[in-house]
Amino acid sequence: MRWTKSFIPTLKEVPTDAEVPSHQLMLRAGMIRQLMAGAYTYLPLGFRALRKVENIVREEMDRAGALEMLMPALQPLELFERTGRKETFGNVLIKFDITRRDHKVHLALGPTHEEVVTDLMAKHINSYRQLPVTVYQIQTKFRNEERPRFGVLRTSEFIMKDAYSFSSSLEQLNEAYESMYAAYCRIFERCGLEYVPVEAESGPIGGDASHEFMVPAGNGEDSIVRCAGCGYAANLERAETGRKTPPIATSPDAASLTQVSTPNVGSIEQVSKMLKCDPSQMLKTLIYLADGEPIAVLIRGDHEANEGKIRRALDADVLALADPGTIVKVTNAPVGFAGPVGIKCRVIADHDVPLVANAITGANAADAHLTGVNVGRDYELTETFDLRDASGGDPCPRCSGTLDEVHGIEVGHVFKLGTKYSQSLTANFLDEHEQRHPIIMGCYGIGVTRVLAALAETRHDANGLDWPISVAPYEVAVVPLNVTDAEVMTPAEQIYSDLQQAGVDTLLDDRDARPGFKFKDLELIGIPLRIVIGGKGIKEGIAEVKWRTDAEATKVPLNEVAAHVAKLVQDARAKFA
RNA sequence: CGGGACGUGGCGCAGCCUGGUAGCGCGCUUGACUGGGGGUCAAGAGGUCGCAGGUUCAAAUCCUGUCGUCCCGACCA
């Protein structure tokens, strides 16, 4: 492509609305333009990069045996009513009515396609002989994000690859899951992304039912912990900590138990402000109902309770925060004043709780808190549990290392769904004994547009973007320094044409501009390889070849440049194949 | 949905407090010079100051409303 024939509106200055690097750079490089909050146009350069990511995804999905198809973005709202996700999605689901003849048709724009694909399979799968099967599509999704953010990283319309596996047994599901997991690793590697697979929530199947693929990045919206020692990684919700039950003993410095008046002040934040103490000096007492039984859960004031862990510690099936009535019954006080001292229900505590000497807790009396609360004297504990979200600095659960907390961008998610959708949409199969079972499903998503944003976010320097050759909109830029000089243009044209013949994606910067201007633009755009043809080199009979990240160029004889660069490109491609 | 900020040529901004009919840099057009890291000179084009209403002889400027965009938080199969 000749630059002068393309549409590459680069920007020297940073648009005010862009804060994060990926947004600023993709805007400045002329790859995207915003239409409105959460909706972007991909300009020719951005679209080329997007297509390259899509093709990598497509190749690896195909290689894993998944079958590509295309489902409608337009979907009947009824499907979401049948699975209960109309409520689950709530405002995120884009719903609207259209008129056909004399009646209204209720529609939604697909935020994902579990419903549509399950409905499809329900109509066509009858026998275990038809299973397993995995289908996928690459398509635009619609979600009414409450708050679109960070340019292309979080939008209301985005391109996603979504795959769905259908199995007749858990073994088959696990096989499909493993195969997708492996394909994801290949995809992200081929895209040149630094990624971390983390354990995510365990769904209805239990065990390792879900992994998220995260790209560590300062501006990532999710937090994960990982251990540099053993590689353990998980999202905050799911992460275990390596903490153990500490010695449970009353502190030798135990102060006397004192009740203080805290009228209308119930939250940790308010109480700590009023009593001028740090939240870590407080103990929150959360009243839950575990399978209908009230139970008090003690967590240090500055920590977050983790309901999944609490449920597992109690071996409960159903766990929910208790209603105000139960709280009054158990604590003799309205919500906000619960404490372990004298509470009328079972108490369990997080590992960090007994370590807080002279804690501040609710007094189990309206408008009052207790100070100087100490384990062993004022309340009893025999053991403690891991009941809170993990955070940086916690010991690793798998080795003797320490967990680091890092922000990440979620670029992919694999999930063992089980039979949630096949049951609500009656997608059944007959096994070899003529028994009817719901099909066991898995779903696997990759945010294609988000992969691009994550690359921009993590691969750039002061001069601009730095695309891996597998994703770069063009692999090579041919830069004649003086386009009015035939001595320069003739070999430049020849090299450009030879590279195209060799199947290299080449951009010819044929603009009549000064060299510095062109160099800056190319570095901004992030084309991996640059060939410069200028007066100086012509005299020596050479062109200069330089990688985007190299400091120095290599001189290559003019008549060898095309072949030399084609070889460089092939070798570089091989690293991402 | 709570909190904050901002809307002035394509982009970045000043002007607003203290009302008097819009300016700077970049970009763009034309010409000349220039030609290895975002050039120089000259001449130009381009804005109902987000929108609506109000106050006033007069509104980019003051008041009210509204729309939009961004940031922090809540939310995110």
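Letters A, B, ... are given to chains in the order of the sequence lines, protein chains preceding strands, and every chain is numbered from 1.
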(message) Quick test of your reading of the model: are A/E68 and A/R58 salt-bridged, counting only N-O distances below 4.0 Å?
(response) yes

(request) May I ask you to decide whether A/E544 forms a salt bridge with A/K555, counting only side-chain N to carboxylate O separations under 4.0 Å? (result) no

In whole angstrom, give me the gap between the [atom1] atoms of [N] and [M].
| N | M | atom1 | result |
| --- | --- | --- | --- |
| B/G7 | B/C51 | C1' | 11 Å |
| B/A59 | B/U21 | C1' | 10 Å |
| B/C57 | B/U40 | P | 50 Å |
| B/G19 | B/C62 | P | 9 Å |
| B/G38 | B/C28 | C1' | 16 Å |
| B/A42 | B/C26 | P | 12 Å |
| B/G23 | B/G9 | P | 14 Å |
| B/G39 | B/G27 | C1' | 15 Å |

(message) Can you confirm if the aromatic rings of A/Y421 and A/H113 lie within a centre distance of less than 6.0 Å?
(response) no

(message) Output one letter per nucleotide in nucleotides 71-77 of chain B: B when a protein non-hydrogen atom lies under 4.0 Å from the base, S when only the sugar-phosphate is that close, - when neither is.
(response) BBBBBBB

Applying a 4.0 Å non-hydrogen cut-off, can you work out what [X] is touching in the nucleic acid: base, sugar-phosphate, or nothing?
| X | value |
| --- | --- |
| A/R530 | base |
| A/G445 | nothing |
| A/R33 | nothing |
| A/A513 | base |
| A/L481 | base |

Which word best sums up how the rings of [X] and [Y] line up, parallel for under 30°, tilted for 30 to 60°, or perpendicular for over 60°?
| X | Y | answer |
| --- | --- | --- |
| A/H413 | A/F415 | perpendicular |
| A/F80 | A/F89 | perpendicular |
| A/Y195 | A/F188 | tilted |

Using atom [atom1] of [X] as one end and atom [atom2] of [N] as the other, report the distance to the nearest whole Å.
| X | N | atom1 | atom2 | result |
| --- | --- | --- | --- | --- |
| A/E487 | B/G35 | CD | P | 17 Å |
| A/F519 | B/G39 | CZ | C1' | 15 Å |
| A/Q24 | B/C11 | CD | C1' | 14 Å |
| A/L522 | B/G37 | CG | P | 15 Å |
| A/L153 | B/C70 | CG | P | 13 Å |
| A/K520 | B/G39 | NZ | P | 11 Å |
| A/D485 | B/G35 | CG | P | 12 Å |
| A/D512 | B/G39 | CG | P | 13 Å |

Distance-minimising heavy-atom pair for [X] and [Y]:
| X | Y | answer |
| --- | --- | --- |
| A/L79 | A/E115 | O-CG, 3.6 Å |
| A/H23 | A/D17 | CE1-O, 3.9 Å |
| A/I495 | A/V478 | CG2-CG2, 4.3 Å |

Searching all strands shown, indicate the nucleotide that pairs with [N] (Watson-Crick or G-U wobble; both distances under 3.5 Å).
| N | answer |
| --- | --- |
| B/G20 | B/C57 |
| B/U40 | B/A32 |
| B/A45 | none |
| B/A14 | none |
| B/G68 | B/C6 |
| B/C76 | none |

Under 3.5 Å, which N/O atoms of the protein pair with N/O atoms of nucleotides 22-32 of chain B?
| from | atom 1 | to | atom 2 | distance (Å) |
| --- | --- | --- | --- | --- |
| B/G25 | N2 | A/E13 | OE1 | 2.7 |

(request) Flag yes if more than 12 heavy atoms outside A/H564 fall under 6.0 Å of its NE2 atom; otherwise flag no. (result) yes

(request) Would you indicate, yes or no, if B/U69 has its OP1 or OP2 atom less than 4.0 angstrom from a side-chain nitrogen or oxygen of A/T16? (result) no

(request) Confirm from the modelled atom types if A/N463 and B/G37 form a donor-acceptor pair under 3.5 Å, side chain to base only. (result) no

(request) Test side chain to side chain donor-acceptor pair (under 3.5 Å) on A/N144 and A/S156 and set out the steps. (result) CA-CA 5 Å; A/N144 176 31; A/S156 290; 4.7 Å; no

(request) List the steps and the verdict of side-chain contact (heavy atoms from CB on, under 4.5 Å) for A/V476 and A/R530. (result) CA-CA 6 Å; A/V476 174; A/R530 186 181 84 182; over 6 Å; no

(message) Counting only side-chain heavy atoms from C-beta out, which of B/G37, B/G36, B/G38 sits nearest to A/D521?
(response) B/G38

(message) From the set B/U69, B/G37, B/G38, return the single nucleotide nearest to any side-chain atom of A/Q34.
(response) B/U69

(message) Reading RNA chain B from 5' onward, which residue's closest nucleotide shows up sooner: A/K546 or A/P15?
(response) A/P15

